[in-house]
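These notes are about the structure you will find just below.
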Amino acid sequence: MVSSQAKYELIQEVGRGSYGVVYEAVVQRTGARVAVKKIRCHSPENVELALREFWALSSIQSQHPNVIHLKECVLQRGGLAQRMNHGSGSSSYLELVETSLKGELAFNGRRSRYLWFVMDFCDGGDMNAYLLSRKPSRRTNASFMLQLGSALAFLHRNRIIHRDLKPDNILISQGPAEPTLKVADFGLSKVCSASGLDPDEPASVERCFLSTACGTDFYMAPEAREGCYTAKADIFALGVIIWAMVERLTFVEAGTQRELLGSYVRHGEVIVPLGEALLVNPNMELLIPARMKSMRAGMKRLIREMLAADPRQRPDAFELELRLVRIASRELDWDT
Ligand SMILES: Nc1ncnc2c1ncn2[C@@H]1O[C@H](COP(=O)(O)OP(=O)(O)OP(=O)(O)O)[C@@H](O)[C@H]1O
């Protein structure tokens, strides 16, 4: 048992999501800054989202500069804190797994339990806040394209489908040079298994078919809305993000009234998410560029392919990474 209170000092709350609170904290021993996400395990939904995030982040054997790094996960029960390991046989871990599988609490819900995720701290806010508070910059866009391409190839190589890529879930660490972007929030992610023991198990994320419709409206691929999709749904979401970033396309989110980066189609006064419009009309020709006078042919072609209605026509993450490197290098050359 360890005491999380002694190890980390919470400095301030930096944000709240639908199932957790995130704090800026300091590691007492080293003074390093970290982010700590505290999730209350009082409902099966919270436990399921927390375990998904834990499984995805702890299934990654190596670190990637553009993927949020989970330093440790601690389960707190009353005054006791216990470090959690993936696949642990501890009774409290197994109770959480049982809760997630059965959809009902497998422990006494009146005694509060919390999961604490200790991660990299990102001091630059999310991609929306970062980009929309600055003048458009080809250099930053090119750098973000490179980092996004690299992060997605890394995740798919590790058989993780994120399923909720959007600018809100891409955090920024401001450094002395170009900012570093980190893909975060793995609460909806799926780790596709491939033990090698079962020949029917998918070895690549391209062959891992999923049916739970999840994601966020404006970034959701047409096939994900119908509930039969693969990792290509992440490629579509990244297409929506990259197109919006390059052209500064935004919309105002109903409810919160926040301005968000995202591409869409316009039907008169109404804006329609791309995935929804493509589901109705798969042959719809996207108007790229939408705002700029011109766009490089390679960029235009890539965005169009990433947003193809048929997922088979989208590049996979490995081809995408290579093409983004080519496009971004040209942009960076142009800028110097
Ligand atoms: N590692 C981090 N460093 C700095 N801020 C973070 C970090 N992780 C999350 N945040 C901030 O904390 C807030 C809550 O994040 P969290 O991941 O819990 O939920 P969310 O993505 O906002 O919402 P939801 O889970 O409902 O989609 C967000 O505003 C996010 O920008």
Side-chain angles (χ1 to χ4, degrees), residues 4 8-27 32-58 60 63-74 100 114-134 144 147 151 155 160-175 179-190 212-220 224 233-234 237 240-241 253-262:
S4 60
Y8 304 103
E9 184 193 344
L10 301 186
I11 306 291
Q12 59 174 332
E13 183 180 318
V14 290
R16 271 170 194 263
S18 42
Y19 73 111
V21 185
V22 180
Y23 300 91
E24 176 183 353
V26 166
V27 183
R33 269 207 302 178
V34 288
V36 177
K37 184 157 155 176
K38 181 184 181 187
I39 299 166
R40 190 165 166 218
C41 300
H42 65 301
S43 72
E45 294 75 28
N46 268 30
V47 173
E48 186 181 344
L49 282 164
L51 286 183
R52 274 192 191 285
E53 181 141 34
F54 177 56
W55 285 331
L57 290 173
S58 56
I60 302 173
Q63 287 184 38
H64 188 282
N66 305 121
V67 174
I68 202 92
H69 174 56
L70 178 69
K71 296 172 194 297
E72 72 168 342
C73 175
V74 174
S100 159
Y114 296 93
L115 278 173
W116 298 75
F117 290 98
V118 183
M119 306 171 284
D120 306 318
F121 179 68
C122 300
D123 57 354
D126 64 40
M127 194 176 165
N128 278 311
Y130 186 88
L131 288 179
L132 297 181
S133 60
R134 287 167 175 78
F144 279 13
Q147 299 184 52
L155 291 176
I160 296 171
I161 308 181
H162 187 283
R163 303 204 288 186
D164 198 18
L165 286 174
K166 56 179 176 177
D168 270 349
N169 289 340
I170 298 168
L171 305 179
I172 313 291
S173 269
Q174 306 194 74
T180 305
L181 145 180
K182 293 189 189 276
V183 174
D185 202 346
F186 286 75
L188 293 182
S189 66
K190 173 79 184 168
T212 312
C214 57
T216 304
D217 221 19
F218 273 81
Y219 310 90
M220 210 192 282
D234 280 349
V240 177
I241 296 169
E253 186 179 51
T256 65
Q257 296 301 305
R258 286 190 313 145
E259 185 185 17
L260 301 176
L261 280 167

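Both ligands and their constituent atoms are indexed starting at 1 by order of listing. The shown structure was predicted, so the numbers you read here are calculated from the model rather than taken from an experiment.
Residue Arg16 approaches ligand 1 through these ligand atoms, each under 4.0 Å from one of its heavy atoms: 13 (C), 14 (C). When each atom of ligand 1 is checked for a heavy atom of Phe121 under 4.0 Å away, the hits are 3 (N), 4 (C). Within the listing of ligand 1, atoms 1 (N) sit less than 4.0 angstrom from a heavy atom of Ile68. Which parts of ligand 1 touch Lys37 is read off a 4.0 Å heavy-atom cut-off, strictly below it: atoms 16 (P), 17 (O), 18 (O). In the vicinity of Tyr19, heavy-atom distances shorter than 4.0 Å reach the ligand 1 atoms 25 (O). The atoms of ligand 1 that sit less than 4.0 Å from any heavy atom of Ala35 are 1 (N), 2 (C), 3 (N).
The shortest side-chain heavy-atom distance between Phe121 and Val14 falls under the 4.5 Å cut-off. For the pair Lys166/Leu260, no side-chain contact is recorded, criterion being any heavy-atom separation below 4.5 Å from C-beta on. Here the side chains of Lys38 and Leu10 are not in contact, with every heavy-atom distance at 4.5 Å or above. Between Tyr19 and Glu45 there is no side-chain heavy-atom pair separated by less than 4.5 Å. The side-chain heavy atoms of Thr180 and Asn66, taken from C-beta on, include a pair separated by under 4.5 Å. Val27 has its side chain out of reach of Lys71: every pair of non-hydrogen atoms, C-beta onward, lies at least 4.5 Å apart. A heavy-atom distance below 4.5 Å is not found between the side chains of Thr216 and Asp168. Contact check for Phe186 versus Ile68: side-chain heavy atoms found under the 4.5 Å cut-off.
There is a protein heavy atom closer than 4.0 angstrom to atom 6 (C) of ligand 1.
The parts of Ser18 lying near ligand 1 are both backbone and side chain, judged by heavy-atom distances below 4.0 Å. With a 4.0 Å cut-off on non-hydrogen atoms, Leu171 touches ligand 1 through its side chain and not its backbone.
Among all protein heavy atoms, the one lying closest to atom 29 (O) of ligand 1 is Gly15 CA, 4.4 Å. Regarding atom 9 (C) of ligand 1, its nearest protein heavy-atom neighbour is Val22 CG2, 3.7 Å. In this structure, atom 1 (N) of ligand 1 lies nearest to the protein heavy atom Asp120 O, 2.8 Å. Given atom 3 (N) of ligand 1, the protein heavy atom at minimum distance is Cys122 N, 3.0 Å. For atom 27 (O) of ligand 1, the nearest non-hydrogen atom of the protein is Asp185 OD2, 3.3 Å.
Between Asp168 and ligand 1, a contact under 3.5 Å exists for no N or O pair.
Contact analysis leaves Asp126 out of contact with ligand 1, as no non-hydrogen atom separation drops below 4.0 angstrom. Under the 4.0 angstrom criterion for non-hydrogen atoms, Asn169 is in contact with ligand 1.
For the side chain to side chain contact (heavy atoms under 4.5 Å, CB included) with Ile160, the qualifying choice from Ile60, Asp234, Leu57 is Ile60, the only one to do so.
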- [ ] Please step through side-chain contact (heavy atoms from CB on, under 4.5 Å) for the pair Leu171 and Leu181, ending with a clear verdict.
- [x] CA-CA 6 Å; Leu171 305 179; Leu181 145 180; over 6 Å; no
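Of the candidates Gly17, Gly124, Ala184, it is Gly17 that places a heavy atom closest to atom 19 (O) of ligand 1.
Expressed to the nearest 0.5 Å, how far CD of Glu24 lies from CD of Glu9 amounts to 10.5 Å.
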